[in-house]
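Letters A, B, ... mirror the listed sequences (proteins, then strands); counts begin at 1. Just so you know, these numbers use all the heavy atoms, side chains as well, and skip hydrogens, waters and symmetry mates. Every value quoted in this text rests on a predicted model; they were computed, and no experiment measured them.
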There are 2 protein chains.
Amino acid sequence: MASPLEKARKDPESVKAKILLVARRVFGVYGFHGTTIRMVAQELGMDISTLHYHWGDKRDLYEAVVLDINHDLGQNLINVEKMIHGLPLPDRLAISIDYMTDYLFAHPEISNLIIFRYFGKTREEAGIDFKVPEFTYDIARSMGLVKNKKNVSSHVMLMVLALMNSMHCFISGEDFFRPIVALSREEYIAETKKALKFIHIPAFTQGSDQKDK
Amino acid sequence: MASPLEKARKDPESVKAKILLVARRVFGVYGFHGTTIRMVAQELGMDISTLHYHWGDKRDLYEAVVLDINHDLGQNLINVEKMIHGLPLPDRLAISIDYMTDYLFAHPEISNLIIFRYFGKTREEAGIDFKVPEFTYDIARSMGLVKNKKNVSSHVMLMVLALMNSMHCFISGEDFFRPIVALSREEYIAETKKALKFIHIPAFTQGSDQKDK
DNA sequence: TTACAGTTCAATCATTTGATGGAGATCAAT
DNA sequence: ATTGATCTCCATCAAATGATTGAACTGTAA
């Protein structure tokens, strides 16, 4: 049985795909409770009943958005893992930060929604979750920071979480932070990358391997 | 004319003070749209009309919460600034991180609400804002990272923002992150402090020593 | 053409939610 | 006890919001 999400992914020109795209953005800006299906429908130029016809209720649409973002994020983490395979740790970090920062700045609703999910609650708890634990572990592993396959140290996990959070914050908070530093968008992206590398690469290298300190 | 907020602060035993306390927590957990005044009233064991009697409408209550949190945060930044005056940079950072982490873990709704404010929008834009730009500048100054009084470099501002964000994320995201690292609350707080210092102190010190541009 | 599945939308319903009115309770001062 | 101010809550309203219905439109195959 093909879910609306699967149909949307199969045909990017379909109405379902357009709905998914707009829903990602609107949910990303206003969160679950802050978004009304009328807002989504209006942005799409269609009636709310048409939305229901394609996707079911609001919760279904939101969970499809979460699944879709999980999928996209996972794909890109796989991509970056291939790019950095075999390189020394500082290079792995620098390339990962550059790649993921560019990707997330191009799709800020991903960072928005992940942060909403981290730090907010919805009144009716959802059954679907972001794969942060899995992703965090995968990143730690692909960075070569995992010694025993089973026991990843809390310290390493927190380091990885700090890096991911920092990225999401700068991307999701662009509208808030960029006026503070008075930079153009391009400058802000460049400075964000620079700051992330400046802060986190020394932390990781001094923490795991002492080959280059 | 005394606003409800001023009355609440004058008498911590008053009904208005109790309302403010509960409202901080509920708004912090569910955000503005996710919170209903019925939720707040029920948690207080009072009728919604009593809430209106004391505070006016929902927006008023929310803005009072924001003002209150701004006030508390500002006070604590002043406190910490006194504590670190005259010490060398690494000590200033370590003490600030310890103090503010403890404070925010004791009042997580502050981090929650600040993060809500950074990364989400409300449908009707509010007239009241967090004082992040001012606070960021003050922190940079009290850390001795500001060269010219007028032009604070974007790089330094981003470093300070990164540190503040990292703190808020770990505190606000405790329910999400702590199961990932499988730590008790006390361990989680200790590890958070350790990670924050481990990551950010080298970044700041290497920044002010060799290259600040 | 007809038949039919797929799609869209105006109209409508039911619930939630923010807000209000007015009656009653409580209490201090006179 | 009376009065008036303060406070509380039940009942209710109006708007917002999620969801549904049924009619109409579209295109395609027989």
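Residues B:Val156 and B:Ser153 meet the side-chain proximity criterion, which asks for heavy atoms closer than 4.5 Å.
Here chain B contacts DNA chain C (any atom closer than 4.0 Å to a heavy atom, that is under 4.0 Å), and the contacts span C:dT17 to C:dG21 from 5' to 3'.
Rounded to the nearest 0.5 angstrom, A:Leu89 CG and A:Met143 CE are separated by 7.5 Å. Between the CG atom of A:Leu104 and the CG atom of A:Leu73 there is a distance of 6.5 Å, given to the nearest 0.5 Å. Taking CG from B:Leu183 and CG from A:Leu158, the interatomic distance works out to 7.0 Å, rounded to the nearest 0.5 Å. Remark: A:Ser166 OG to A:Ile97 CD1 distance equals 9.0 Å, nearest 0.5 Å.
Below 30°, between 30° and 60°, or above 60°: for B:Phe116 and A:Phe116 the angle between ring planes is between 30° and 60°, a tilted geometry.
Among residue pairs with one or both ends in residues 93-108 of chain B, those qualifying as salt bridge (Lys or Arg N to Asp or Glu O under 4.0 Å) are B:Asp98-B:Lys197, B:Asp102-B:Lys193; sequence neighbours excluded.
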List the atom pairs, with distances to 0.1 Å, where a side-chain N or O of residues 18-34 of chain A and a protein N or O form a donor-acceptor pair under 3.5 Å, not counting sequence neighbours.
| from | atom 1 | to | atom 2 | distance (Å) |
| --- | --- | --- | --- | --- |
| A:Arg24 | NE | A:Glu109 | OE2 | 3.1 |
| A:Arg24 | NH1 | A:Asp68 | OD2 | 2.8 |
| A:Arg24 | NH1 | A:Asp72 | OD2 | 2.8 |
| A:Arg24 | NH2 | A:Glu109 | OE2 | 2.8 |
| A:Arg25 | NH2 | A:Glu43 | OE2 | 2.4 |
| A:His33 | NE2 | A:Arg123 | N | 3.1 |

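Applying a 4.0 Å cut-off to non-hydrogen atoms, the residues of residues 23-41 of chain B that approach DNA chain C are B:Thr35, B:Thr36, B:Ile37, B:Arg38, listed by residue number.
Panel note: side chain B:Thr50, backbone B:Met46; no donor-acceptor pair is recorded below 3.5 Å. Remark: the backbone N or O of B:Ser184 is paired with a side-chain donor or acceptor of B:Glu187 at under 3.5 angstrom.
The overall bend of the helix from C:dT1-D:dA30 to C:dT30-D:dA1, read as the angle between its terminal helix axes built from five base pairs each, is 10° when rounded to 10 degrees.
Side-chain rings of B:Tyr118 and A:Phe177 approach one another, their centers coming within less than 6.0 Å.
Between A:Arg141 and A:Glu81 a salt bridge is recorded (basic side-chain N to carboxylate O distance below 4.0 Å).
Here D:dT20 presents its P atom at 10 Å from CG of A:Asp60, a figure rounded to the nearest Å. Separating the CG atom of A:Asp57 from the P atom of D:dT17 is a distance of 17 Å, rounded to the nearest angstrom.
A donor atom on one side chain and an acceptor atom on the other are not found under 3.5 Å apart for B:Asn79 and B:Tyr103.
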Using the 3.5 Å cut-off, write out each protein N or O paired with an N or O of nucleotides 5-8 of chain D and the distance between them.
| from | atom 1 | to | atom 2 | distance (Å) |
| --- | --- | --- | --- | --- |
| D:dC7 | OP2 | B:Tyr53 | OH | 3.0 |
| D:dT8 | OP2 | B:His54 | NE2 | 2.6 |

